Amino acid sequence: MIRVLIADDQPLVRRGLALILAPDPAFEVVGEAEDGARAVALAHELRPDVVVMDIRMPVLDGVRATEELARALPESRVLALSTFDMDEYVVAALRAGAYGFLPKDISPEELIAAVHTVHTGEAAVAPRLLTRLISTYVRSPARPRSAPTAPDGLTPRELEIWQLLASGLDNAEIAGSLEISVSTVKNHITGVFTKLGVRDRAQAVIAAYESGLVAAGRRSG
């Protein structure tokens, strides 16, 4: 059973999210919080597996609450929520340690799938939405490298896969582009994450834009 804490400053939103998750025997909604500070306190008390976290809340916003949880309770994985699908605070939350992001107009099925995904430790953000978000709100160097060198010991193949990942391709699309298997792509991505010192796909894409490996005008989709 996946233990879920819901944090949102709107009571109706909290209740709605709980009513979506509670009937499913895979989930147990263990608590609700009306602001980020309360979310952090309840997470320490209840130790949920997943925290569904609104980004914009009073007292302590969702970004700062996510940062605190990622540092103190990394086993309580954050799924960020926002009213808008293009929101600079979402990128800040992903950088702070959120495992995924959903706009609030998602379907019940999408919410359930995202909570499951975050619980497994995977990033619950559609690759092209992730790329659009980051290319919009992450500032690249003034002069992106025209022929980037591999940082931190990345092999040429890992660098190539990092570029494709940051351009919005999913694992199957990367595999098709390079004519290799999906399992080989996954192995290379694990190596990329380790060498970059990032935890997941979202942080790898942020790193690619910040380094100039990928420029906003070159994204796909």
Side-chain angles (χ1 to χ4, degrees), residues 1-85 87-126 129-130 133 190 193 197-206:
M1 184 172 288
I2 301 171
R3 293 164 53 81
V4 182
L5 171 66
I6 297 170
D8 195 291
D9 62 331
Q10 299 181 48
L12 285 177
V13 173
R14 293 198 304 272
R15 280 285 77 207
L17 294 172
L19 287 172
I20 290 171
L21 296 174
D24 191 318
F27 302 113
E28 179 186 5
V29 178
V30 295
E32 298 179 20
E34 67 278 8
D35 58 59
R38 182 63 176 155
V40 171
L42 281 178
H44 278 276
E45 176 185 343
L46 301 171
R47 302 301 172 105
D49 300 304
V50 177
V51 181
V52 179
M53 180 88 73
D54 185 24
I55 294 297
R56 299 172 185 251
M57 291 188 291
V59 185
L60 187 72
D61 65 40
V63 174
R64 291 165 61 201
T66 296
E67 187 173 21
E68 289 195 20
L69 290 178
R71 181 178 63 252
L73 293 174
E75 67 276 11
S76 294
R77 294 166 176 158
V78 174
L79 174 61
L81 291 180
S82 174
T83 304
F84 309 103
D85 63 358
D87 187 344
E88 61 185 315
Y89 287 91
V90 172
V91 175
L94 293 170
R95 186 185 279 113
Y99 274 78
F101 155 68
L102 290 176
K104 287 186 178 179
D105 60 357
I106 45 88
S107 68
E109 293 77 16
E110 288 171 318
L111 174 65
I112 289 169
V115 174
H116 276 291
T117 298
V118 167
H119 180 245
T120 66
E122 298 291 329
V125 189
L129 175 57
L130 175 64
L133 273 167
T190 298
F193 289 177
V198 301
R199 193 204 59 220
D200 58 26
R201 198 179 202 94
Q203 293 184 348
V205 176
I206 291 171

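These numbers were taken from a predicted model, which means no experiment stands behind them.
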Checklist entry - OH of Tyr89: more than 12 outside heavy atoms within 6.0 angstrom? => result no
I need the [X] [atom1] to [Y] [atom2] distance, nearest 0.5 Å.
X: Met1; Y: Asp24; atom1: CE; atom2: CG; result: 9.0 Å
X: Ile20; Y: Ile6; atom1: CD1; atom2: CD1; result: 8.5 Å
X: Arg77; Y: Thr117; atom1: CZ; atom2: OG1; result: 11.5 Å
X: Glu28; Y: Ile2; atom1: CD; atom2: CD1; result: 11.5 Å

For the residue pair [X] and [Y], establish whether any side-chain heavy-atom pair is separated by less than 4.5 Å.
X: Leu12; Y: Gln10; answer: no
X: Leu81; Y: Leu17; answer: yes
X: Ile112; Y: Phe27; answer: yes
X: Tyr99; Y: His119; answer: no

Please report the closest heavy-atom contact between [X] and [Y], naming both atoms and the distance.
X: Ala98; Y: Arg199; result: O-NH2, 3.0 Å
X: Arg14; Y: Ala33; result: CD-O, 3.3 Å
X: Val78; Y: Val118; result: O-CG1, 4.3 Å
X: Leu111; Y: Leu79; result: CD1-CD2, 4.4 Å
X: Ser82; Y: Ile55; result: CB-CG1, 4.4 Å
X: Ala93; Y: Val63; result: N-CG2, 4.0 Å

Checklist entry - Would you call Glu32 and Arg38 a salt bridge, taking side-chain N to carboxylate O under 4.0 Å as the test? => result no
Checklist outcome for this item: Residues passing the side-chain contact (heavy atoms from CB on, under 4.5 Å) test with Ala37, sequence neighbours excluded, are Asp35, Val59, Leu60
Checklist entry - Among all residues two or more places apart in sequence or in another chain, which pass the side-chain contact (heavy atoms from CB on, under 4.5 Å) test with Ala202? => result Leu94, Leu130, Asp200
Checklist entry - Should Asp8 and Lys104 be marked as a side-chain contact (heavy atoms from CB on, under 4.5 Å) after you check the CA-CA gap, both sets of side-chain angles, and the distance that decides it? => result CA-CA 11 Å; Asp8 195 291; Lys104 287 186 178 179; 2.8 Å; yes
Next on the checklist: Main chain of Arg3, side chain of Arg47: is a donor-acceptor contact present, judged purely on distance under 3.5 Å?
Outcome noted: no
Checklist outcome for this item: Applied to residues 56-71, the side chain to side chain donor-acceptor pair (under 3.5 Å) test, sequence neighbours excluded, yields Arg56-Asp87
